[in-house]
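Quantities reported herein were computed from a predicted structural model and do not represent experimental measurements. Each chain gets a letter, A, B and so on, in the order its sequence line appears, and its residues count up from 1.
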There are 2 protein chains.
Amino acid sequence: MAFARLAILPTYKVVSDTIEREILAGRLNAGDILPTETELADQFGVTRHTVREGIRILEQSGLVRREAGRRLYVAEPHYGDLAPRLSRAMVMQRVTFRELWEVSMDLEPSAAAHAAGRIDASRLAQLRANVEATEEAIAAGTSIIPLDVAFHILVAEAAGNRALLLAREPVTQLFYPALERLFRHPKTSAVGPRRLVEAHRHIVEALADGDAAVAREWMRKHMVDFRRGYDTAGLDLDEALDPTAAPPAAPPPRR
Amino acid sequence: MAFARLAILPTYKVVSDTIEREILAGRLNAGDILPTETELADQFGVTRHTVREGIRILEQSGLVRREAGRRLYVAEPHYGDLAPRLSRAMVMQRVTFRELWEVSMDLEPSAAAHAAGRIDASRLAQLRANVEATEEAIAAGTSIIPLDVAFHILVAEAAGNRALLLAREPVTQLFYPALERLFRHPKTSAVGPRRLVEAHRHIVEALADGDAAVAREWMRKHMVDFRRGYDTAGLDLDEALDPTAAPPAAPPPRR
DNA sequence: GATATTTCAATTGTCCAACAAACGAACAAT
DNA sequence: ATTGTTCGTTTGTTGGACAATTGAAATATC
């Protein structure tokens, strides 16, 4: 017979695991203030240093948060916190545009279809405003990429599926630099934006009508267009994405 | 005039950011051994404890790794490291079975379709072996859930799309407990496993033939069956998943 | 009485010093 | 060839200390 490896964990890991379990089990809820480091150290029977190392792990996991020198509280883990890490992993694995596009080809039309049945008036208004703003940006010659990204996020949110939202976010983040490159390209810059805003408009109308099939179809066309633009521009679908292109900057942490 | 908020970060964060930058810039490559904690402390001009807190952050990010009490080395961040965090976020957001199912309904058939054109002999053999093992498990009356999960992972890997793999992994992790509940249920346990293995078999054959359409269609049916089973068992689609059900245990870290 | 200002205890962030435990390697013993 | 022994190195953990910041109570000011 053979013994299984012993699962001996360092103390700081035990600390973080223990607190994590309390949070996941719902005994600690988002917003709750945790005990001070000294209290935790006393309760666990370990040093404050050890507790602090455990806290760093929880913080990085997004389960707890601390503002400046203030008390620790249980955080609502938000998509935005996870997406950067995911994108980083994809960048380091040299994920290609083709891979991202294939996934988007599944998720985006589906998001549009689900949104058709679930969208509310407020978000619909936001989408209309987004399309207007995009028109203006085209006329003014300013960048439409943030608006495009926002459009797709709005649609995904309207789909009312948080699993979908989480699954597509890292993909979106990496699309951003690829979009930059695409819309800057001379061959596509003339016609691309027009087609884009036209597709967006059709999608919004389909959502307003509650027509899932049309919404899905226009989103599909929109994604196909996107890839076609990439081809037309002569960019390589199977090349790793450029990691140097800056992701949308986060505001500096309050401290 | 007004000054922007100063981005003053705690020292341990500066430490982790600095090392992270070296890794992302490629000056430190995967596999490289980092200096010892004492050396790092000397170089940065801070205490060893501060360095350690920074290391905990990097470790949790998956950028560096340490085995047992040994030296620190730069790691290639892998999907497996990130998926648990996503699942955790989904648990805390009280994601429902319906949401997971909707996403799987997009990703799984698509994975099967892509796999049809890209699968290699080795993975095909693994899939066949998996189906055999599932048959045996059914005959023996043991749990087929790990085998089912493994089957879907194999198909997703065969699709040769790392973005897809990353997007679907957290969903799978959460499906696991739901599957447990489903297959334990008296109303489905009689017929469910048979239908499952039949679908798996059809999918494998379609992959062997390189027939993307058939592979996609059988996977779709398979997913529909899954949901139907959930319905038949009288389980609530819109109920938050049970977070207490253990996720597939990872092998304990070597120490 | 309401609003600043000051004070003060509590808490975090960082440092210094120490030691036990585990590891790797080299070497001796069976 | 395997098993014990030793030793220097590195991590894991502990203790105590103190400056800086924060939140809130207490005080002064209008």
Handout entry: Of all pairs that satisfy ring-ring contact (aromatic ring centres under 6.0 Å, His included), the ones with a partner from residues 28-59 of chain B, not counting sequence neighbours
Key = H49(A)-H49(B)
Problem - Any R66(B) side-chain nitrogen or oxygen under 4.0 Å from OP1 or OP2 of dG12(D) - result: yes
Completion exercise
So side chain to side chain donor-acceptor pair (under 3.5 Å) across residues 23-34 of chain B, not counting sequence neighbours, yields E22(B)-R27(B)
Handout entry: Protein-nucleotide distance (F44(A), atom CZ; dT14(D), atom P), rounded to Å
Key = 12 Å
Practice task
Kindly compute the distance separating CD (E99(B)) from CG (L165(A)), expressed to the nearest 0.5 Å.
Solution key: 9.5 Å
Completion exercise
In whole angstroms, the gap separating P of dG13(C) from CZ of R71(A) amounts to 12 Å
Handout entry: ring-ring contact (aromatic ring centres under 6.0 Å, His included) contacts in which one or both residues fall within residues 5-34 of chain A, not counting sequence neighbours
Key = none
Handout entry: Counterpart residues, ring pair (Phe, Tyr, Trp, His ring centres under 6.0 Å), relative to F151(A) (two or more places apart)
Key = H200(A)
Fill in the blank from the handout: To the nearest angstrom, the CG-P distance between L40(A) and dT11(C) comes to 11 Å
Problem - R118(A) side chain vs A159(A) backbone, donor-acceptor pair below 3.5 Å - result: yes
Exercise for the section: Using atom CG of L9(B) as one end and atom P of dT12(C) as the other, report the distance to the nearest whole Å. Expected result: 19 Å
Fill in the blank from the handout: Here the residues of residues 47-57 of chain A within 4.0 Å heavy-atom distance, strictly under, of DNA chain D are T47(A), R48(A), H49(A), T50(A)
Exercise for the section: Would you please name every residue forming a salt bridge (Lys or Arg N to Asp or Glu O under 4.0 Å) with R52(B), sequence neighbours left out? Expected result: E53(A), E37(B)
Practice task
Starting at atom OH of Y73(A), determine the distance to atom P of dT22(D), rounded to an integer number of angstrom.
Solution key: 15 Å
Problem - Given dC15(C), dT13(D), dT12(C), the nucleotide with the shortest approach to the side chain of P10(A) - result: dT13(D)
Completion exercise
Here the distance between atom C1' of dT10(D) and atom CG of L72(B), to the nearest Å, is 12 Å
Practice task
Give the rounded distance in Å between these two atoms: CD of E39(B) and P of dT9(D).
Solution key: 11 Å
Exercise for the section: Return the nearest nucleotide to the side chain of T11(B); candidates are dT14(D), dG12(D), dT14(C). Expected result: dT14(C)
Practice task
Would you mind reading off the distance between I33(A) atom CD1 and dT22(D) atom P, rounded to a whole angstrom?
Solution key: 16 Å
